[in-house]
2 protein chains.
Amino acid sequence: MNFTPERRRVTIHDVAREAGVSITTVSHSLNGKGVVAAATRQRVLDTAERLGYSADAIARGLRSNRLGVLGLVIRPLDTLDSYQPVGVDYFVRFAGAAAVEALDRGFGLMLVRDPTTKNVPGIALAVDGFIISDPLGHDPVIELLQRNGIPLVTVGRDVDRADFTDWLGLGTDGDTRAVLNHLTDRGARRVALVIGTDTNAWNADSEQSYRVWAAERGQTAMVFQQDETAGEPGGEAIAERMLTAAKQQAVPDAVYCLTGRHAAGLQRRFQLAGYEVPADVMIVAGSDSEQTRNSTPPITSIDLAPEITAKAAVSFLVRRIEGDIESSPPVIENVLRPRQSTNRVAVG
Amino acid sequence: MNFTPERRRVTIHDVAREAGVSITTVSHSLNGKGVVAAATRQRVLDTAERLGYSADAIARGLRSNRLGVLGLVIRPLDTLDSYQPVGVDYFVRFAGAAAVEALDRGFGLMLVRDPTTKNVPGIALAVDGFIISDPLGHDPVIELLQRNGIPLVTVGRDVDRADFTDWLGLGTDGDTRAVLNHLTDRGARRVALVIGTDTNAWNADSEQSYRVWAAERGQTAMVFQQDETAGEPGGEAIAERMLTAAKQQAVPDAVYCLTGRHAAGLQRRFQLAGYEVPADVMIVAGSDSEQTRNSTPPITSIDLAPEITAKAAVSFLVRRIEGDIESSPPVIENVLRPRQSTNRVAVG
DNA sequence: TTCCATGACCAAAACGTTTTGGAAAAAGCT
DNA sequence: AGCTTTTTCCAAAACGTTTTGGTCATGGAA
């Protein structure tokens, strides 16, 4: 036995007829809009309750241009081309938290892949607003949404779009300095940085902060780049390059990898070459993940707190949708989780 | 500078005016519905393209009762009350894969929390259909959706609703037998089962299959139950109970825990008591997760292949929505990943 | 009494589509 | 030519709301 019953909703007309009033009065009573006598209003409310009426979201959406749905685009997943990157729990946690927060505010949350591609459902452009996580430089998605007048908020700014200010900072500068200071506190002298290749703010700002920090200390900057999709083998490859440096002097005694997978692979390769972690080289990851938690030794990481970021993003977007032009985006605070990979006492 | 431009869409009327035809003709041309001269049709298509027209999903939804959105409710997450259960990647992968598959079929995917609760956005009941993952017994969500005539498909059946047949099997019986046979092949004599407390098909069917299997072999069934939310400590607690059994005879030499977190905790507690894994006791988990992969030793698990299940669920639901009453749900095949926790040679 | 507020309600328009039931023009047939 | 069929198009209805611009009493102020 299968159920595909007649889809007959109880409409506002039914309530109006039953309560002996016009649909206007029903609408007003339910939404507290017009002026309606208390007694009448109560009668309408009761019959609506009795009939199990609730306004059709689509019809309402058509009339009031407000669907009650937020769109979420996670750009790194678009480029990763797989939505199941094993061990990367940041985005999942982000999406889950965003969904819950949206629900709490009376919105649904729709996951959407790059809406500039063909075959994207029309509904994508009908949502009330978008959260774009980690946009690329000159991101065409932002372009498209702006052209359609759809409110949007990004998590991490578009590095090539200085005039767009509705973004939440990721606290990248603070994080980077926290990591670098943590490392030098433990005696690191030559800290290298490994970033990804996506043109997003996380990569760009981390590099920028690192270079400034290095310059302040008169240290030569050592920046390596590796594709986000390369995973642990990508980390190994970078380690390979570091180890085969021309002069032994140039081999770093601490490495800050933004992604956890690079960090895990890199640490393994260093160990294979006979380096002790943390004694000979210390490792830090910019994003906590399964790999950082479970490497041997466990890798010190920034816990990116996607739940907090997601909540903030939803709340910020909702304010924008509701016409709050002023409120400025909150600043996200992340926390450094020291683990064994940097558990070394400072050397005078 | 903030962008909240006027949200003025180009409508079907604009296209009609520009092309010098009626809106009927535009609609027909675009949807290939009526009969329209090839030349006219092309002209309409061109102007639509030129004006960047695309039909408003809401208006279309109102008229044709079809929004282009699927709803996804993951019941275990409703009971877990947190959407960020660390280490549980099954549902994230499920949601991601479902979103992608839905997109490929021209649908959006909306994450929804238990829609029977208050404060759920009206849009939830306006979607074209629902996927309910792991429904509870007599699940009120199913009840609600059926009352509203919304097509739905469940992943894992509602154990208390025999008349509802639109569900995808999880292959639980096959999985259970595969695990149990794997264990006896390696010499297990007293296999215990640890299930959760949710009244879903996974728990129920696993227990059922286990009991039948035990009866077939004349083995006394040892079934333990532990709350899903209890996590690793919950697994430790169960191990505690096993170890303090009245007679030493009753201590199992192999344990099949459905959830990875129970398995990890249980294994740790056994090791603490001086048991060697897999020599003294073998452990298997019914759901691969971070904990099973990274325990010491790594725990043999069923890889639940959420991507395949999700794809199948979406495809099944879409067929239902499109009125295909016949097609019967596909059967999911999962795979057992042997790891060190059962790496023992059989004892004659 | 006349006038003007005010309170309570409602008819109709509007939102942007799809679809129904034609109508007008063209073509074919006898 | 007269009739029927086919082709091509369109006006209007419908989907279920919200909102606009009223109408009609009622009551108080002049």
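Every chain is numbered from 1 and lettered A, B, ... according to where its sequence line falls, protein lines coming before strand lines. Because the structure is predicted, anything quoted here is derived from the model rather than measured.
- Shown here are the side chain to side chain contact (heavy atoms under 4.5 Å, CB included) partners of A:Ser315, two or more places apart in sequence or in another chain: A:Arg105, A:Arg319.
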Between the protein and nucleotides 19-23 of chain C, list every N/O to N/O distance that falls short of 3.5 Å.
unit_1: C:dT19; atom_1: OP2; unit_2: B:Lys33; atom_2: NZ; d: 2.8
unit_1: C:dT19; atom_1: O4'; unit_2: B:Arg63; atom_2: NH2; d: 3.3
unit_1: C:dT19; atom_1: O4; unit_2: B:Thr24; atom_2: OG1; d: 3.3

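- Rounding to whole angstrom units, CZ of residue B:Arg17 and C1' of D:dC10 are separated by 17 Å.
- Contacts of B:Ile308 classified as side chain to side chain contact (heavy atoms under 4.5 Å, CB included), with partners at least two apart in sequence or in another chain: B:Ala305.
- The CD1-P distance, from B:Ile12 to C:dT17, rounds to 6 Å in whole Å.
- In this structure A:Val21 satisfies the side chain to side chain contact (heavy atoms under 4.5 Å, CB included) test together with A:Ala19, A:Thr25, A:Val26, A:Thr40, A:Arg43, A:Val44, sequence neighbours excluded.
- Atom CD of B:Glu101 is separated from atom CZ of B:Phe107 by 11.5 Å, given to the nearest 0.5 angstrom.
- Considering only residues two or more places apart in sequence or on other chains, B:Pro121 meets the side chain to side chain contact (heavy atoms under 4.5 Å, CB included) condition with A:Leu103, B:Ile123.
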Which atom pairs, donor and acceptor, lie under 3.5 Å between side-chain atoms of residues 54-61 of chain B and protein residues at least two apart or in another chain?
unit_1: B:Asp56; atom_1: OD2; unit_2: B:Ile58; atom_2: N; d: 3.3
unit_1: B:Asp56; atom_1: OD2; unit_2: B:Ala59; atom_2: N; d: 2.8

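- Scanning for side-chain hydrogen bond (donor to acceptor under 3.5 Å, both in side chains) contacts around B:Gln42 gives B:Asp46, with sequence neighbours left out.
- Listed by chain and number, the residues in a side-chain hydrogen bond (donor to acceptor under 3.5 Å, both in side chains) with B:Asp134 amount to none (sequence neighbours excluded).
- Computed from C1' positions of five pairs at each end, the angle between the two local axes of the helix from C:dT1-D:dA30 to C:dT30-D:dA1 equals 70°, rounded to 10 degrees.
- B:Thr154 meets the side-chain hydrogen bond (donor to acceptor under 3.5 Å, both in side chains) test with no other residue; sequence neighbours excluded.
- Within residues 34-57 of chain B, the residues that place at least one heavy atom under 4.0 Å from DNA chain D are, in residue-number order, B:Val35, B:Val36, B:Ala37, B:Thr40.
- Every pair tested for salt bridge (charged side-chain N to carboxylate O under 4.0 Å, His left out) that includes a residue from residues 29-38 of chain B fails, sequence neighbours excluded, so the list is empty.
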